Amino acid sequence: MKRWLAFAPLIVLAALAVLFAGYALKRNPQVSPDALVGKPVPTLSLPDLDSGTPAAVRQAGDGPMLVNFFASWCAPCEIEHPQLMALKARGVRIVGVAYKDAPANTEAFLGRLGDPFAARLVDRDGRAGVEFGVTGVPETFMVDAQGMVVAKHTGPLTPADLDALVAKLR
């Protein structure tokens, strides 16, 4: 009996390995959670980067827009930044949410690369990211004129993504 008890942890470990391997083989790593798509933008107020006063992510009367979660410490965010500047040049309204970032670092990041945002909000503790279902930065949410999230883009935007984004917003 004592001999079997000595092997019990190994048997449990082997069973867990089989269970996790079976799950991993059936899981598609390309699937990103889009739970917010088809639902209204969360009604959140976040501190404005400049003044610190609370501001709504989406205000009444806002037309179609993008909500972009980014951070100064995020290398893909820096890669994506020229695409955000190009969208701004095309007249797309973008609300930037600095995700888990110090305001001074966000200011330096935008000062160095340019500011594509119509509004710059701070999500220092990541609570807004939870409300939006952010899995990492950068993430961009397309919001229609009625305030509904129509699409979500995970990862850095590429030049090829721009036309599709603008078409979904118009």
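These figures come from a predicted structure and were not determined experimentally.
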Anything under 30° is parallel, anything over 60° is perpendicular, the rest tilted; go ahead and classify Phe69 against Tyr99.
perpendicular
Identify the heavy atoms of Val137 and Ala71 that sit nearest to each other, and give their distance.
CG2-CB, 4.3 Å
What do the steps show when you test Asp101 against Val122 for side-chain contact (heavy atoms from CB on, under 4.5 Å), and what is the final call?
CA-CA 8 Å; Asp101 204 0; Val122 178; over 6 Å; no
Interatomic spacing from CZ in Arg120 to CD1 in Ile94 - rounded to 0.5 Å
13.5 Å
Same apolar cluster: Val92 and Met85, side chain cutoff 4.5 Å
no
With a 3.5 Å distance limit and no angle check, can you tell me whether Trp73 reaches the backbone of Lys100 through a side-chain donor-acceptor pair?
yes
Say you draw a straight line from CG of Leu49 to CG of Leu121; how long is it, rounded to the nearest 0.5 Å?
8.5 Å
Taking only residues two or more places apart in sequence or in another chain, which ones pass side-chain hydrogen bond (donor to acceptor under 3.5 Å, both in side chains) with Thr53?
Ser51
Rounded to the nearest 0.5 angstrom, the CZ-CD distance for Phe70 and Glu80 is 10.0 Å
When you group the ILVMFWY residues by side-chain heavy-atom contacts below 4.5 Å and let the links chain together, are Val143 and Val130 in the same group?
no
Go through the structure and list residues passing side-chain hydrogen bond (donor to acceptor under 3.5 Å, both in side chains) with Asp62, not counting sequence neighbours.
none
Residues which pass side-chain hydrogen bond (donor to acceptor under 3.5 Å, both in side chains) with Arg124, listed by chain and number, not counting sequence neighbours:
none
Could you work out, with side-chain contact (heavy atoms from CB on, under 4.5 Å) as the rule, every residue matching Pro54, not counting sequence neighbours?
Ser45
Sequence neighbours excluded, the answer for side-chain hydrogen bond (donor to acceptor under 3.5 Å, both in side chains) partners of Asp123 is none
Could you state the interatomic distance from CE (Met148) to CG (Leu36), rounded to the nearest 0.5 Å?
9.0 Å
Please list, chain by chain and in numerical order, all residues satisfying side-chain contact (heavy atoms from CB on, under 4.5 Å) with Glu78, sequence neighbours excluded.
Phe109, Arg112, Leu113
Main-chain N/O of Asp115 paired to Lys88 side chain as donor or acceptor, under 3.5 Å
yes
To the nearest 0.5 Å, what is the distance between CG (Leu165) and OG1 (Thr158)?
9.0 Å
Nearest heavy-atom approach of Met65 to Val95 is CE-CG2, 3.6 Å
Can you tell me how far the CZ atom of Arg58 sits from the CZ atom of Arg93, to the nearest 0.5 Å?
9.0 Å
Among side-chain atoms of Glu139 and Asn68, is any donor-acceptor pair under 3.5 angstrom?
no
